[in-house]
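See structure below.
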Amino acid sequence: MRGFIYSMSGSGDRQSDQISIRYGKVKQLREQGIEPYGEKYAVTHSSAEVVGEFAALEGKIVSVAGRIMTRRGHGKAGFAHLQDEAGRVQIYIRVDRVGKDCYAVYQDLDIGDIIGVTGEVFKTRTGEETINVSSFRILAKALRPLPEKWHGLKDIDLRYRQRYLDLMVNPAALRTFMIRSKAIQAMREFLTADGFLEVETPVMHTVAGGATARPFITFHNTLSLDLYLRIATELHLKRLIVGGMEKVFEIGRIFRNEGISTNHNPEFTTVEIYQTNADYEDMMMLTENLISKVAEKVLGTLEISYQGQDLDLSPPWPRKALVQLVEEFTGVDFAGVPDDETARKVALERGLEIEGDEKKGEILFTFFEKFCEEKLWGPVFVKDYPVEVSPLAKRSLDDPALTDRFEVFLAGKEVANAFTELNDPLDQRGRFEEQAQKRAAGNEEAHMMDEDFITALEYGMPPTGGLGIGIDRVIMILTDSPSIRDVILFPTMRPKE
RNA sequence: GGGCCAUUAGCUCAGUAGGCAGAGCACCUGACUUUUAAUCAGGGUGUCCCAGGUUCGAAUCCUGGAUGGCUCACCA
């Protein structure tokens, strides 16, 4: 914007502003016949290779490309650090080696410019691996100054809005996203090696199901149809199980039109995994295996710390019934609560706001959320959730008010949700109808009736275990990030002005 | 949505009691052929987030707004 204004006003004018000075340098370079946005450079090594393989490279000629991050001039010679994805390497350039004209061009370069250099590898007096430049080329002139070299970019707003700057100057940011990438790769490898088939299902749904959440709505012109961005991948993946796929997973973005917080971003990534002839016990083992294997692969250890507190991911993880945890934390034994009426009374006694039509299971779940959840440092499996809050999970054999469902908590965060899948189409229809009633009563998060999914179940879905993992939250834990925005490259932000 | 806090140079930050807008890095001019937060000499480059108000005078006090952070609510 600013540069645009200056370029419109004529970059030849003497301007004090750093940006316009750099615009002037571009013009000057072109007048000298030097292209400030050059062709690709024939790179032979990365910065890290020059440093790490110095013994083998000493005295050899290498070509490296990168962004100038520091600069130290000494009259007829100069030092700078070039940064590429792998790290940084120092370059040394002297006028008697590259010639007067070439050196003059170097002296006009700025921090932030991207250049390619070729030269001999040597070590300076102070012992730093360095490239003694014999030639270089400008690959991209930077028109804007970089954030400060020592403190980096601290402004959280700018770090999210201009993530490229964050990545450029804050090594921890790049590390976080490299870990994220490796962790997802490790998950994929773990699952495919175990015989799971990776699939892709629609992002645009005619019925937004598979979770209790408000969807984003969009519109298809040709079909003249409201479509919802998916809030879960669940119902399509189970259709694939009906179709005969036995082990499937999908890693994908889902969208929920709800609040934003340090643990919630409107678009986030889940992996959902479905396996036939499995139940939630199998999914517990899969969960602890998967997450611990991923942690080991990307961090090399299972004993990590999150925000200053130790967290040991070594399996097996403890398993606790939800009703038991509620009793531990609140002293209320819901097994002894006979009906909805009594449950509501207990809720009021504990200061919970209720509408008046809540079922016992809903209140039990609310107790868990309010009084237990954030205190579960974990890792821990919380199991046996009330049927009222688990419309897609199969009822427990020994208690039809509960389901064979669990959630995983790490550092007080819910990171996974899994159950033995409900495969009885009659029961499923009843659950949807109950949800539809809640929707009609104004609960926008309640499930929509999904006739097409019921139809699929009517063809018969084998006994299946299903698991969903919130990848962003797992990455938060693995990278010790306090906010979900720290692990999402471009988190949702309100536009400036 | 409520509460609290923040917003000053490209970046990181000071700014006293309401009295000329500051530092470091970056940048500009000059010196310097192995430096590394290079050094030395000189230079301040600004819509103090925005709009009003109070005042002789506002970065500072008041009101409203914008954006962000934390938190509560809601949720996942």
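Every chain is numbered from 1, with letters handed out A, B, ... down the list of sequences.
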Suppose you measure atom P in B:rA9 against the same atom in B:rG22; what distance do you get, rounded to whole Å? 14 Å
Does one side chain, of A:His81 or A:Arg67, offer a donor that lies under 3.5 Å from an acceptor on the other? no
Separation of A:Phe79 atom CZ from B:rU33 atom P, in whole Å? 12 Å
Quick check: A:Tyr92 with A:Phe79 (ring centres under 6.0 Å apart)? yes
Hey, does A:Arg161 reach any base, or is it just sugar-phosphate, or nothing, if we go heavy atoms under 4.0 Å? sugar-phosphate
So, does A:Arg485 get its side chain near the phosphate of B:rG69, meaning an N or O under 4.0 Å from OP1 or OP2? yes
Look at the side-chain N and O atoms of A:Arg72 and state whether any lies under 4.0 Å from the OP1 or OP2 oxygen of B:rA38. yes
If you measure only the distance, is there a donor-acceptor pair under 3.5 Å linking the side chains of A:Arg485 and A:Asn265? no
Can you measure A:Asp113 atom CG to B:rA26 atom C1' for me and round it to whole angstrom units? 13 Å
What is the nucleic acid contact for A:Ile231, judged by heavy atoms within less than 4.0 Å: base, sugar-phosphate only, or nothing? nothing
Among B:rG68, B:rU34, B:rG10, which nucleotide sits nearest the side chain of A:Arg494? B:rG68
What distance, rounded to whole Å, do you find between the two C1' atoms, one in B:rC48 and one in B:rC4? 23 Å
Checking B:rG68, B:rC25, B:rC11 against the side chain of A:Lys149 (C-beta onward), the nearest is B:rC25
Using the P atom in both, what is the distance from B:rG68 to B:rU8, to the nearest Å? 15 Å
Kindly indicate whether a cation-pi arrangement holds for A:Arg71 with A:Tyr106, taking the cut-offs as under 6.0 Å to the six-membered ring centre and within 45° of the axis. yes
So does A:Lys394 get a backbone contact from the side chain of A:Asp404, meaning a donor-acceptor N/O pair under 3.5 Å? no
Considering every strand and a 4.0 Å limit on heavy-atom distances, what is the contact class for A:Arg88: base, sugar-phosphate, or nothing? nothing
Dot-bracket encoding per residue of RNA chain B, Watson-Crick/G-U cut-off under 3.5 Å, | denoting interstrand: (((((((..((((.....[..))))((((((.......))))).)...(((((..]....))))))))))))....
What is the distance, to the nearest angstrom, from the CG atom on A:Asp108 to the P atom on B:rC27? 12 Å
Rounded off to whole Å, could you give me the CD-to-C1' distance for the A:Glu129 and B:rU34 pair? 14 Å
Rounded to the nearest angstrom, tell me the gap between atom CD in A:Glu120 and atom C1' in B:rU34. 14 Å
Would you give a per-nucleotide map of nucleotides 71-76 of chain B, 5' to 3', where B means the base has a protein non-hydrogen atom under 4.0 Å away, S means only the sugar-phosphate does, and - means neither? ---SBB
Please give, in whole Å, the distance from B:rC11 P to A:Leu158 CG? 6 Å
Closer than 4.0 Å, any side-chain N/O of A:Lys25 to the OP1 or OP2 of B:rC27? no
Is the count of non-hydrogen atoms from other residues, nucleotides or ligands lying under 6.0 Å from A:Met493 atom CE greater than 12? yes
If you find the nucleotide of RNA chain B closest to A:Leu153 and the one closest to A:Tyr92, which residue's nucleotide is nearer the 5' end? A:Leu153
Output the rounded distance in Å from CD1 (A:Ile21) to P (B:rG43). 17 Å
Nearest-nucleotide comparison on RNA chain B, the residue closer to the 5′ end among A:Gly152 and A:Gly127: A:Gly152
A:Ile138 and its side chain to side chain contact (heavy atoms under 4.5 Å, CB included) partner, picked from A:Asp113, A:Ile34, A:Ile114, A:Asp108: A:Ile34
Determine whether the side chains of A:Asp486 and A:Tyr160 contain a donor N or O and an acceptor N or O closer than 3.5 Å. yes
Sugar-phosphate only, base, or nothing, as touched by A:Arg94 at under 4.0 Å among non-hydrogen atoms: base
Sticking with atom P, work out how far B:rU45 lies from B:rA66, rounded to a whole angstrom. 33 Å
Counting any heavy atom closer than 4.0 Å, what does A:Gly78 reach on the DNA or RNA strands: base, sugar-phosphate only, or nothing? nothing
Are side-chain N/O atoms of A:Ser46 and A:Asp84 paired as donor and acceptor at under 3.5 Å? no
Whole-Å distance separating the NZ atom of A:Lys154 from the C1' atom of B:rC25: 13 Å
Write down the distance separating the C1' atoms in B:rU7 and B:rA31, rounded off to the nearest Å. 40 Å
Have a look at A:Asp96 and say if it touches a base, only the backbone sugar-phosphate, or nothing, with a 4.0 Å heavy-atom cut-off. base
Out of B:rU35, B:rU12, B:rC27, which nucleotide sits closest to the side chain of A:Ile111? B:rC27
Test: A:Lys141 and A:Asp110 ion pair at under 4.0 Å: yes
Of the candidates B:rA26, B:rU67, B:rA38, the side chain of A:Pro145 sits closest to B:rA26
Any donor-acceptor N or O pair under 3.5 Å, side chains A:Arg72, A:Thr70: yes
Kindly say whether, by distance alone, the side chain of A:Gln18 makes a donor-acceptor pair under 3.5 Å with the base of B:rU45? no
B:rC20 to B:rA58 separation - C1' atoms, rounded to the nearest Å: 14 Å
Inter-nucleotide C1' distance (B:rU16, B:rU67), Å rounded: 29 Å
If you measure from the Lys or Arg side-chain nitrogens to the Asp or Glu carboxylate oxygens, is any gap between A:Lys238 and A:Glu234 under 4.0 Å? yes
Quiz question: going by heavy-atom distance under 3.5 Å, is there a donor-acceptor pair between the base of B:rU34 and the side chain of A:Arg125? no
Expressed in whole Å, how much space separates the C1' atoms belonging to B:rA26 and B:rC50? 28 Å
Regarding the side chain of A:Lys76, the nearest nucleotide among B:rU33, B:rC27, B:rG69 is B:rU33
